2 protein chains.
Amino acid sequence: MDNSTAKETFISFLQSQKLRVTPERLDLLDEIMTSNGHFDAENFYSVVREKGIKASRATVYNTLDLLVQCGLISKYRFGDTTSRYEKAFGRPRHDHLICLNCGEILEFVSPELDNIQTKVCKQHGFRFANSSLQIFGTCSKCQKK
Amino acid sequence: MDNSTAKETFISFLQSQKLRVTPERLDLLDEIMTSNGHFDAENFYSVVREKGIKASRATVYNTLDLLVQCGLISKYRFGDTTSRYEKAFGRPRHDHLICLNCGEILEFVSPELDNIQTKVCKQHGFRFANSSLQIFGTCSKCQKK
DNA sequence: CTGCCTGCAAAACTTTTGCAATGCG
DNA sequence: CGCATTGCAAAAGTTTTGCAGGCAG
């Protein structure tokens, strides 16, 4: 999915939910489309203000939530108190290795994991929505120190 | 691991870290040993106060953190704002299916998952500490509604 | 004795909410 | 035009911290 498709997806989602397509919402999506890696709400709010985008904290939280609902971004918690987000379009589903020492977050992809998840859901009559595997440990750099 | 072993583990851990073995810390571990299922810090603090155990909020948070460090309890975040804990001894490692509708949390065990994790860590030169796979979706009961 | 721990309350932080004003549909 | 949305600030909820005793080692 490219950036213009992402915008179309968001607009369709808003309309289907009878929510309004406001400039604030589109501006925030635009900003996320140019981002890379993980970010948190407060952090994102600061960037947004610095860039002169008009959107209050409430709107930022609201919009992030809507983007999660329509699958354009993913929301994680990596053990700290803050929710983290990342772009979920234009790249494959992946999971995270989190270094407990330096906080670095590595990503990995495992097709076998998808199979396991499908199997587990079937066994429990569970309808899959999304998932998150987080492996905590020590990264190779920190092991050498 | 049974309950008396858990206590020994905790005491050894405290001593190895040059931390004190205080009645508050032991009382809190005792209380956790009799618990089942998931709990959060505030919730646990209430129970502790109701039972007449003397321990402040600060001590509860501190002790939960120590118990996580020595592996006697596990800490999770299931998408809400609160950290959840559960006993990690006397039962096998497991992961969670979380119903987005009713909030129910089902547990499952997958030996294949352990293999994948080992493999991924090896590939990235990562030293494994612990992990958490959370699958979000709709449970069978909620699908029937 | 020493200094780690505790209790209490206040502070810090993240996220949500109430209300009046605004503007999308 | 009606009502969802916004901005602002205040509230709510969770976790951390500062400080003055208190007690484990």
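Here is how names work: the chains are called A, B, and so on, in the same order as the sequence lines, proteins then strands, and each is numbered from 1. Keep in mind that what you see is a predicted model, and the values were worked out from it rather than measured.
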Answer yes or no: does a side-chain N or O of B:S83 lie under 4.0 Å from OP1 or OP2 of D:dT14?
no
Quickly work out the A:K75 NZ to C:dT14 P distance and round it to whole Å.
14 Å
Least distance between heavy atoms, B:A55 atom then B:R49 atom:
O-NH1, 3.3 Å
Using atom CG of B:D27 as one end and atom P of C:dT6 as the other, report the distance to the nearest whole Å.
11 Å
Are A:I105 and A:R84 side-chain neighbours, meaning at least one heavy-atom pair lies under 4.5 Å?
yes
Look at the rings of B:F10 and B:F13 and say which category their plane angle falls in: under 30° parallel, 30 to 60° tilted, over 60° perpendicular.
parallel
To the nearest Å, give me how far apart CZ (B:R77) and P (D:dG13) are.
17 Å
Can you see whether A:T9 engages A:S12 through a side-chain donor-acceptor pair at a distance of less than 3.5 angstrom?
no
Look only at the side chain of A:Q143 and the backbone of B:G125, and say whether a donor-acceptor pair between them is shorter than 3.5 Å.
yes
Taking CD from A:E24 and C1' from C:dA21, how many angstroms apart are they, rounded to a whole number?
13 Å
Under 4.0 Å, counting only non-hydrogen atoms across every strand here, what does B:E42 touch: a base, just sugar-phosphate, or nothing?
base
Interatomic spacing from CZ in A:F108 to NZ in B:K119 - rounded to 0.5 Å:
11.0 Å
Looking only at the side chains, is there a donor atom on one of B:S131 and B:Q117 sitting less than 3.5 Å from an acceptor on the other?
yes
With the side chain counted from C-beta on, respond yes when B:E112 and A:N115 share a heavy-atom pair under 4.5 Å apart, and no when they do not.
no
Does A:K87 use its side chain to pair, donor to acceptor, with the backbone of A:M33 at less than 3.5 Å?
yes
Contact under 4.0 Å: A:T82 side-chain N or O vs C:dC13 OP1/OP2
no
Whole-Å distance separating the CD atom of A:Q17 from the C1' atom of D:dT5
16 Å
Within residues 44-69 of chain A: residues closer than 4.0 Å to DNA chain C (heavy atoms)
A:R57, A:A58, A:Y61
For the pair A:Y76 and A:H38, name the ring-plane relationship: parallel under 30°, tilted 30 to 60°, perpendicular over 60°.
perpendicular
Is it the case that the side chain of B:R77 and the backbone of A:S83 share a donor-acceptor pair, with hydrogens and angles ignored and the cut-off at 3.5 Å?
no
Hey, what bend do you get for the helix from C:dC1-D:dG25 to C:dG25-D:dC1 if you fit axes on five pairs at each end, rounded to 10°?
40°
Starting at atom CG of B:L26, determine the distance to atom C1' of C:dT6, rounded to an integer number of angstrom.
14 Å
Please write out each protein N/O paired with an N/O of nucleotides 23-25 of chain D under 3.5 Å, distance rounded to 0.1 Å.
residue	atom	partner	partner atom	Å
D:dG25	OP1	B:V21	N	3.2

